[in-house]
Amino acid sequence: MAIPPGVSAADFEAAISAFADVVGAEWVFTDEDTVDTYRDAYTPFRGEEEEKYASAAVAPTNVEQVQEIVRIANRYKIPLYVISTGRNLAYGGSAPVYSGSVVLDLKRMNRILEVNEDMAYALVEPGVSYFDLYRYIRERGMRLWIDCPDPGWGSLIGNALDRGAGRTPLPYRDHFGAHCGMEVVLPNGDLVRTGMGANPNAGPNWQAFPYGAGPLADGLFAQSNFGIVTKMGFWLLPEPEASMTGRIRARRHDDIVPLVRILSHLQYQGIVNCLFSLNSPVFQAPMDERKSALLDRPGGGSAAEWDAYAASLGVPFWQTELRFYGPTSVMDAQWAYVKERLRAIDSIELIDGNDVIRFPLTDDQIRRLGDPATFGVPSLNVFSGQAGTTGHLDASPMLPHSGEAVLRAHKVFLREYRDAGIPLMLGFAMSYHTRAFIMFHGVNLTTDPEWNRRARALYARLIEVAGEHGWGVYRAHTAFQDHLMRTYSFNDHALMRLNETLKDALDPNGILSAGRYGIWPKHLRGNRA
Amino acid sequence: MTIRRFVSLVPGTHRYGMRGSGALRIAAAVLASLVGTATALADPASSPGSAWWPLSAEPDEALTNPLERRGREVFDQRCRACHGALPDEIFGPLFVSPMPGTRALRDRYRGELPAELERRTDLSAAYIEAVVRDGYLSMPFFRPTELSDDDLEALIAYLTRDR
């Protein structure tokens, strides 16, 4: 049996036995085979020494058990690492940041506590997956949508706490942004509810008004290790009547500047509220000598040079598709107004989708969906793009809504991929959030350690370059979270000093998820990568 | 009784050992499927069956062995979203293709073996267990809190049944 570093065999044995008293012996895993399922399935260190391992795992089924486990961990100074469904693939999966931690697996806490159709919210536990909530709503014929990330087997709570996003209208696709109210077990075993949940009489008001009174604590529990979220409320979208699309193409390099300005203002007005991606058939085409030479020109090539290159490829510089959700009369009016505004760009091409889809979808339609998440239907289809790999890393810088920033980011990141000798993966800006684009970049992992070494070097470089340009990456694989947090360094890392002050106050024994997002307990700060 | 074996599916992944397969646990799985309590969800407000599939599944009435029937449910709940039959046509926009597992196996076997796992007759218990608990390339492995040893036994019974 593996033992956490710094813990005596006797203490570990006593802690394991105490865990078993709380959850039942069958839900404490210490045999090597089972503990091995608490690895990172998409580790960038496959077969290498740096891969992270758990020492054991414990799977409670209710809040009281979580509180007891935390108290036991404090008594014996056992490092815990918390997972919800353990499906945060590309960001560390179910493996701890600090090798030897005991994984606190919340998958069995899988109760959907409430779905309120009139007030359009859900209250769930961490083990509830997007599939679970979708099925619950559909089986009851409720006219509500969930918003899910592309793989639907993950936890609503886990994804929101890592600030994941999905693909239905705003505000729902920003999963942390669309939550309302939390229940949290603190590292000392105390239990708190945030927002209106702190009012014992709140009832549905817990999921109605996020702030309550006093400091808003919720942010402390996302991308951190300050507590264990055991309940969380989410606002849900009442099912739209229908959906349709319109397509947009712009021919020239510089068209992105007015295109972003107009689309972002339409988004701020609520006229555009879909997820759209700003694709560039020019930047996203495979690297060639001319493109490579342009990237090395002063400023990464002029607009005229790029336009000449695009003309030689015979493709528009930019294209995107807008999706509308609602009654057809409203969608028609929205699209008509979008077209009116975009005609200010003289190269613009506006194409009606003529593709109205009405809701609810039938079972047969759902079985045949090619893009389920667009309609809030969970699936695992996104893994279709990954055959032959052993996973991937995802580096996603956040850009402000500025066409100039989009242009600059394309050129900067293309150069990094070229210099690393790794083909561009993804490489486009998407409107996941209200006021910023995620510019998705991925790096595939394989069974070849030499390739994985290069993939890791590129990934680390993407994080640094994003930081240098002020486009901080919003989320990272656990092995790179120290690296990521170092780019958030204003005033000599004052933010990390604040995080460490909070960590020491809330978790003086440093038992909870050591190292998560670069936050190490005092006795392990030498571990920082 | 524990049978230990070592199967290296992917270079670089480390050893895999098979867990015990006691008759008692199989009996428990049979009983659970008969009385319909094979779900970890206790609260009446919860969904009656957690599954990685958006729709309710239909039981296969042709299966008479309770363990195989439970195995078919496990396949519906844990496998079908990747390893089900490819749809004849796509509805709505196409972002990424449905059934990633079936597509990957179709590309791999190129007709030498069926791409759909439910149509395979050559799968062994050891192989199924190894893939489920150790993963294979981009298919991750699954923990007992997601797919219990009992459910894995049932899944194996379903996929390796006499046909």
Side-chain angles (χ1 to χ4, degrees), chain A residues 29 31-34 36-39 41-42 46-47 57 59 85-86 89 93-94 105 107-108 110-114 129 131-132 134-136 138-139 150 152-153 245 357 363 365-375 377-391 447 449, chain B residues 2 4 10-19 39-43 45-56 77-78 81-82 84 87-101 103-105 107-108 132-146 149:
Chain A
F29 305 109
D31 67 288
E32 203 176 346
D33 296 329
T34 306
D36 263 359
T37 63
Y38 290 87
R39 282 177 291 143
Y42 284 7
R46 183 173 295 271
T85 56
L89 296 171
S94 46
D105 179 349
K107 177 64 198 158
R108 294 177 65 223
N110 57 1
R111 293 181 308 160
I112 295 164
L113 299 161
E114 187 188 3
S129 74
F131 279 113
D132 293 337
Y134 180 86
R135 288 164 59 90
Y136 181 99
R138 187 167 178 89
E139 282 163 8
D150 284 305
W153 54 12
T245 63
I357 290 176
D363 284 4
Q365 286 170 330
I366 286 172
R367 264 184 221 104
R368 293 186 290 118
L369 277 176
D371 193 6
T374 293
F375 307 119
V377 179
S379 81
L380 300 176
N381 294 3
V382 74
F383 292 97
S384 280
Q386 296 174 27
T389 72
T390 57
T447 55
Chain B
T2 298
R4 296 193 69 86
V10 179
T13 58
H14 66 140
R15 91 290 159 294
Y16 160 80
M18 188 174 171
R19 269 150 299 277
T39 163
L41 296 159
D43 190 276
S46 299
S47 172
S50 164
W52 296 329
W53 181 248
L55 302 170
S56 305
Q77 292 168 351
R78 292 288 172 260
C82 283
D88 298 334
E89 56 179 23
I90 299 299
F91 174 75
L94 181 63
F95 171 62
V96 278
S97 305
M99 301 302 163
R103 279 172 199 281
L105 294 177
D107 295 346
R108 182 174 178 197
V132 166
R133 292 289 190 230
D134 212 32
Y136 189 86
L137 291 171
S138 59
M139 173 179 155
F141 37 79
F142 300 100
R143 312 186 306 278
T145 51
E146 300 169 290
D149 285 351

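Computed from a predicted model, the values in this text were never measured in an experiment. Letters A, B, ... are given to chains in the order of the sequence lines, protein chains preceding strands, and every chain is numbered from 1.
- With a 4.5 angstrom heavy-atom cutoff, A:Arg367 touches chain B via backbone and side-chain atoms both.
- Looking at B:Arg143, both its backbone and its side chain come within 4.5 Å of chain A, counting heavy atoms on both sides.
- A donor-acceptor pair under 3.5 Å links the side-chain atoms of A:Arg108 to the main chain of A:Ala59, judged by distance alone.
- Ranking B:Arg103, B:Glu89, B:Met139, B:Arg108 against chain A, the residue ahead of the rest is B:Glu89, based on heavy-atom pairs under 4.5 Å.
- No donor-acceptor pair closer than 3.5 Å links the side chain of A:Arg368 to the backbone N or O of B:Asp88.
- The side-chain heavy atoms of B:Pro98 and B:Ile90, taken from C-beta on, include a pair separated by under 4.5 Å.
- In this structure, chain B has no heavy atom under 4.5 Å from any part of A:Ser379.
- Most heavy-atom pairs under 4.5 Å with chain A, from the set B:Ala104, B:Pro54, B:Pro140: that is B:Pro54.
- Taken from CG in B:Leu94 to CG in A:Asp371, the straight-line distance is 7.5 Å, to the nearest 0.5 Å.
- Between A:Asp150 and B:Phe95, some side-chain heavy-atom pair lies under the 4.5 Å cut-off.
- If you measure heavy-atom distances from A:Leu89 to chain B, the contacts under 4.5 Å come from the side chain alone.
- With a 4.5 Å cut-off on non-hydrogen atoms, A:Ile357 touches chain B through its side chain but not through its backbone.
- Of the two parts of A:Thr85, only the backbone, made up of N, CA, C and O, holds a non-hydrogen atom closer than 4.5 Å to a non-hydrogen atom of chain B.
- B:Trp52 and B:Phe142 have tilted rings, their planes meeting at an angle from 30° to 60° on a 0 to 90° scale.
- Of the listed residues (A:Ser129, A:Ser384, A:Ala41), the greatest number of heavy-atom pairs within a distance under 4.5 Å of chain B belongs to A:Ser384.
- For A:Tyr134, the part lying under 4.5 angstrom from a heavy atom of chain B is the side chain only.
- Put simply, the side chain of B:Pro144 reaches to within 4.5 Å of the side chain of A:Thr37, judged on heavy atoms.
- Both the backbone and the side chain of A:Asp363 come within contact range of chain B, with heavy atoms under 4.5 Å apart.
- Here CZ of A:Arg39 is found 7.5 Å from CZ of A:Arg46. Values are rounded to the nearest 0.5 Å.
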